[in-house]
Amino acid sequence: MENKNYLQVSGLCKKFGNLEVLKGIDFSLGKGEILSIIGASGSGKTTLLRCLNFLEIADDGEIAIDGETIFDGSLYRAHKIKDTELREKRLHFGLVFQNFNLFPQYNVLQNVMLAPKLLKKGSTQELEEKAKSLINRVGLIDKLDNYPCQLSGGQQQRVSIARALALDPDILCFDEPTSALDPELTVEVLRVIKDLKQTGCTMVIVTHEMEFARNVSDRVIYMRDGLIEVEGTPEEVFDHSDNEHLHKFLNSGSI
Amino acid sequence: MNFWSVIYDLCQGFGVTLRLFGLTLLISIPLGLIFAFFSMSKFKPLSWLMKMVIWVIRGTHLLLQCVIVTFIPSVLLKIPNKDFAAMIGLNSISTLQFVFVLIAFSLNYACYFAVIFEGGIKNIPKGQYEAGQVLGLTKRQIFFHVVLMQVIRKIVAPISNEVITLVKDTALARALSVTEIILVAYEKVNKYAVLSPLLYAGVFYLAFSGLLTILFHFLEKKIGYYEVT
């Protein structure tokens with residue numbers, strides 16, 4: 001029953017002008033697993049995540065979920081993806097941003113409900129119940145009526161996790177979810193992510209929190225210069241790799 | 001000089017002022033939004049053309065623009081203004097003059113508003129659009145449900161500036177014999193050889209812009225409901 005190749009990415013390439021940011025990325029991820037992507041800034045981690053979410057369109061390669069190809073570079077090089085098609089593809093993935101990007105003019109409940117409501121995913125009452133249960137899950141049920149500016153960074157990030165979950169994405173992506181947070185607020189966000197793992201949510205996390213990556217991930221990828229340099233279980237990557245660059249990266253004071 | 005008859009006539013003049021003011025806003029705000037979209041268009045020739053028009057209109061005097069508009073029928077169409085008024089169904093030349101002034105004012109203010117709108121729209125962080133995109137929203141939904149409210153919040157203050165400037169700019173219409181309040185006041189000044197009618201007109205402006213200031217203050221508070229105070 002366990003699907004080891006729930007998410008499959010192969011040969012993913014992305015160029016910005018002459019700059020090759022992704023030079024052929026291959027990996028796969030099982031259903032309900034957590035993949036952490038680590039690496040220095042500029043290594044292509046965030047671009048990889050943005051390609052998965054179709055905020056950038058990869059130049060080449062393939063993305064498949066549960067055996068269904070949702071992106072095939074060879075097809076899309078010829079003609080552009082239509083807007084409606086793009087929106088459907090995006091819904092396979094959810095994305096939690098580094099700086100939350102909550103909608104400031106809406107309160108917590110409205111932030112979580114906006115997209116499902118506009119996409120007509122159910123009756124207002126159903127959507128509200130669902131939104132409330134998600135907000136409860138991230139521990140903010142008493143903040144329903146608050147506006148983002150009235151919340152701490154950690155609380156805002158938890159709301160944005162609830163907002164991403166509201167559309168039932170197959171895979172939830174996090175782009176350095178705790179980089180904009182003070183250490184004491186980081187903990188509460190990481191706790192929510194751990195809890196999500198219990199519910200079988202498949203996640204891809206770009207992170208600088210090495211302890212966290214080691215403790216919760218099923219797989220870890222170390223990226224360097226647009227390529228996956230080391231891949232494996234947390235033990236393999238953190239304890240048993242003899243990759244020089246990875247050692248340098250892990251021992252650098254920056255993390 | 002009968003004080004109350006002067007005030008009565010000034011009121012009539014101020015009625016014309018208010019009409020010009022209100023109609024100009026009614027036309028120039030939506031027109032300004034369209035201009036802003038043209039100016040931000042990905043179709044470069046349209047964007048360049050719009051930016052050029054905005055440059056010319058903001059770079060020249062409103063009075064000159066009023067005069068140019070007045071000459072369009074007679075120069076381009078070779079029809080005297082009197083016949084032109086009849087042709088488009090206006091009963092008097094003075095109504096036509098008012099329409100000319102309204103056109104010039106609306107175009108002029110649309111350009112100023114366009115710059116404000118464009119600034120407001122460009123000021124919205126890219127992350128807001130991206131958040132909408134990853135949630136599967138259409139471009140239209142992102143604009144109307146995510147961006148617009150934030151744009152309005154950002155532009156109330158600069159818009160209120162323009163609106164209050166417009167109150168006083170309406171006085172330029174007298175150059176085309178539109179009987180707005182300042183023209184009426186000058187008539188009284190000449191007739192009675194006293195300056196007081198001009199001062200009274202000043203009081204009208206002051207009271208009205210005071211009202212607008214209060215209105216905008218209220219609006220700003222109302223729209224800023226989601227910010228920490």
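Atom set for the values below is all heavy atoms of this structure, side chains included, hydrogens, waters and symmetry mates excluded. Residue numbers begin at 1 in each chain, while the letters A, B, ... track the order of the sequences.
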Trainee: With a 6.0 Å cut-off (strictly less than), is the heavy-atom count around CD of A/Glu88, excluding the residue itself, greater than 12?
Mentor: no
Trainee: As a test of understanding, state which of B/Thr138, B/Leu135, B/Leu137 forms a side-chain contact (heavy atoms from CB on, under 4.5 Å) with A/Arg87.
Mentor: B/Thr138
Trainee: Would you mind checking which part of A/Phe54 comes under 4.5 Å of any heavy atom in chain B, side chain (CB onward), backbone (N, CA, C, O), both or neither?
Mentor: neither
Trainee: Could you give the distance from NZ (B/Lys126) to CG (A/Leu55), rounded to the nearest 0.5 Å?
Mentor: 8.5 Å
Trainee: Checking side-chain contact (heavy atoms from CB on, under 4.5 Å) against B/Val134, which of A/Val96, A/Leu95, A/Asn101 comes through?
Mentor: A/Leu95
Trainee: Relative to each other, are the rings of B/Tyr225 and A/Tyr147 parallel, tilted or perpendicular (30° and 60° limits)?
Mentor: perpendicular
Trainee: Please indicate whether B/Phe71 has more than 12 foreign heavy atoms, meaning atoms of other residues, nucleotides or ligands, lying under 6.0 Å from its CZ.
Mentor: no
Trainee: Rounded to the nearest 0.5 Å, what's the gap from CG on A/Asn53 to CD on B/Glu130? Could you check?
Mentor: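 Interatomic distance, A/Asn53 CG to B/Glu130 CD, rounded to 0.5 Å: 10.0 Å.
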Trainee: For residues 105-119 of chain A, give me every residue with a non-hydrogen atom less than 4.5 Å from any non-hydrogen atom of chain B.
Mentor: A/Gln105, A/Tyr106, A/Leu114, A/Ala115, A/Leu118, A/Leu119
Trainee: Using a cut-off of 6.0 Å, state whether more than 12 heavy atoms not belonging to A/Glu184 lie near its atom CD.
Mentor: yes
Trainee: Can you say whether A/Arg50 sits under 4.5 Å from chain B via the side chain, the backbone, both, or neither, judging by heavy atoms?
Mentor: side chain
Trainee: Checking A/Phe103 against chain B: side chain, backbone, both or neither under 4.5 Å from a heavy atom?
Mentor: both
Trainee: Can you find a pair of side-chain heavy atoms, one from B/Arg153 and one from A/Pro104, that are under 4.5 Å apart?
Mentor: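 Answer no - side chains too far apart.
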Trainee: Only pairs of heavy atoms separated by less than 4.5 Å count here; which of B/Gln141, B/His145, B/Lys139 has the most with chain A?
Mentor: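 Max contact count across the listed options: B/His145.
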